[in-house]
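Okay, structure first, notes after.
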Amino acid sequence: MSDSYVSKTRESKDLYERANKFLPAGVSYAIRHFEPYPFYTARAKGSKLYDVDGNEYVDFWLGHTALILGHSPPAVVEAVKRQLENGTHYGTSHELEIQLAEQIVKMVPSAEMVRFTNSGTEANMYATRLARAYAGRSKIAKFEGGWHGGYDALHISVKYPFDIPESAGLTAGSLQDTIVLPFNDLEGVKEKLKNEEVASITIEPVLGAGGGIPAEKEFLKGLRELCDERSVLLIFDEVITGFRLAPGGGEQYYGVTPDIAVFGKILGGGFPIGAFCGRREIMKRLDTLLYERPHYSFHGGTFTANPISMTAGLATLKILKDGQLINKLNNVGGKIREKLKEIFEVNGVDVQVTGAGSLFNTHFTREEVKNAHAASKADKKKLINYHLSLITDGVFFLPAHTGALSTAHSEADIEKLFSETEKYAKQCKAT
Ligand SMILES: Cc1ncc(COP(=O)(O)O)c(C=O)c1O
């Protein structure tokens, strides 16, 4: 399989060798590396990526799940082209930031006020600081397998084995102040927090990097109640689920309202962005006119509310706001999960297909996958081989990562996913 990939990607191999001289691991983000080496994208349009060797891939990775309208959707491209002529970066206040904030407030139940950042990592970092400032507590909590970006306080217990630090350079202080909780296990959460005073609990409504594992509705409701009882702020990290599961994100999909919601990816319409929003009373702690140092919670940044990102975000939300396309994608997502499961089962391959809405992931295990711990016990090698087999035949998933759908995917694209999956499942059966 790897030989076949190598024979199709000669130019990429050369670029990878060149990249290795100047970019650590040859990449700009560790997860973009896969064995034997990543292909190099030359261009992208709609549901497809095209590499430097001229191979075409149906793209289910979609720029880290950000591209819900596919690559370079015409409405976004047109709006951005117009904005490019009016300035790429102001560093001053402008109306587009108000318009996008107003649009988010209309769509997201928990949002009364908004602040923009350049990435999901930054948005989570500032949301955590805000929660600490508001609650007057230092400790925070997050879940095992939860990925919220590389901010020290949240970069804990993301990958199996969960007790090993995720990176060198994390200080003891940042690790000590974060309590790690078991996902989809309310009793376990209560036990862990029994003797703790935390400012916030941060959760992804669907674990993304942790395996595309949805929270159970009752679990999220229980978490909400627990937070209310203990005066803890509930933070939904909706960087993946935002504007994907529903126009109002995971909170609307589940009917559970957090105190703070964090967005990224889709909100930028293909350009860098992040945002955090929440109840006015909480967000007011960011108001430097109301609070003096050290009582306000600082947030800022050179490129915050960049007019290109605001424009692309506005064009994207305009398309998504009535929920019709999202509902359609969610239906197709449900069918994909069922069909993938069926294909593997018919071929006698143990599999759990997880996901929600238009997100899906495959775990080669017989055991039910309700948390990242269970996902970590699945056969990772099989998953990587499955994805490499798909890539070699023109279907792109970043190996071992959650796949996503866009409105640009055609029936033929999805049929291709099924037929290539069947090919792999048959190979598995034969070996
Ligand atoms: C749920 C979640 N939160 C936060 C982040 C970090 O966002 P960014 O990569 O934009 O910093 C990610 C990125 O994958 C994510 O999936």
Side-chain angles (χ1 to χ4, degrees), residues 27-33 60-68 108 115-129 131 140-159 166-167 178 181 183 200-215 220 234-245 249-251 253-254 258 260-277 299 301 303-306 309 312-313 316 354-361 371-372 375 397-404:
V27 288
S28 295
Y29 188 174
I31 63 169
R32 292 190 192 151
H33 171 84
F60 289 106
W61 172 235
L62 292 173
H64 300 235
T65 74
L67 304 170
I68 196 168
V108 177
R115 274 287 180 101
F116 294 107
T117 65
N118 301 298
S119 70
T121 301
E122 269 182 63
N124 272 304
M125 178 181 82
Y126 284 120
T128 302
R129 180 183 289 177
I140 57 157
K142 71 165 297 272
F143 286 85
E144 194 175 78
W147 169 239
H148 310 289
Y151 165 51
D152 287 13
L154 292 167
H155 199 184
I156 295 169
S157 283
V158 178
K159 283 190 290 196
E166 295 294 332
S167 170
T178 301
L181 305 173
F183 194 74
S200 57
I201 298 180
T202 296
I203 186 167
E204 291 170 83
V206 178
L207 287 181
I213 304 164
L220 282 187
L234 181 59
I235 304 180
F236 276 6
D237 177 351
E238 301 247 24
V239 169
I240 289 183
T241 49
F243 313 107
R244 179 173 283 284
L245 292 188
E251 63 176 84
Y253 180 86
Y254 280 101
I260 297 175
V262 175
F263 295 96
K265 299 193 195 275
I266 288 175
L267 180 62
F271 291 82
I273 205 166
F276 59 110
C277 47
H299 153 258
F303 285 101
T304 45
N306 171 266
S309 298
T316 301
T354 57
S358 52
L359 297 165
F360 49 102
N361 202 324
N371 55 44
F397 284 78
L398 190 68
H401 283 268
T402 297

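Both ligands and their constituent atoms are indexed starting at 1 by order of listing.
The residues lining ligand 1, counting any heavy atom closer than 4.0 Å, are Ser119, Gly120, Thr121, Asn124, Trp147, His148, Gly149, Glu204, Asp237, Val239, Ile240, Lys265.
Tyr126 contributes no side-chain N or O that, together with a main-chain N or O of Arg115, makes up a donor-acceptor pair within less than 3.5 Å. Counting only distance, with no hydrogens or angles, the side chain of Lys142 and the backbone of Thr178 share no donor-acceptor pair below 3.5 Å. When atom types are taken as modelled, the side chain of Thr354 and the backbone of Gly211 share a donor-acceptor pair closer than 3.5 angstrom.
Note on ring orientation: taking the six-membered ring where Trp is involved, the planes of Phe360 and Phe397 are perpendicular (angle over 60°, cut-offs 30° and 60°).
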For residues 234-245, please give each side-chain donor-acceptor pair under 3.5 Å, one per line with the distance, not counting sequence neighbours.
unit_1 : atom_1 : unit_2 : atom_2 : d
Asp237 : OD1    : Val239 : N      : 3.0
Asp237 : OD2    : Asn124 : ND2    : 3.0
Asp237 : OD2    : His148 : ND1    : 2.7
Glu238 : OE1    : Thr241 : OG1    : 2.7
Glu238 : OE1    : Gly250 : N      : 2.5
Glu238 : OE2    : Gly250 : N      : 3.1
Glu238 : OE2    : Glu251 : N      : 2.9
Arg244 : NH1    : Ser358 : OG     : 2.8
Arg244 : NH1    : Leu405 : O      : 2.7
Arg244 : NH2    : Thr65  : O      : 3.1
Arg244 : NH2    : Leu405 : O      : 3.4

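In this structure, the side chains of Phe303 and Pro272 stay at 4.5 Å or more apart for every pair of heavy atoms.
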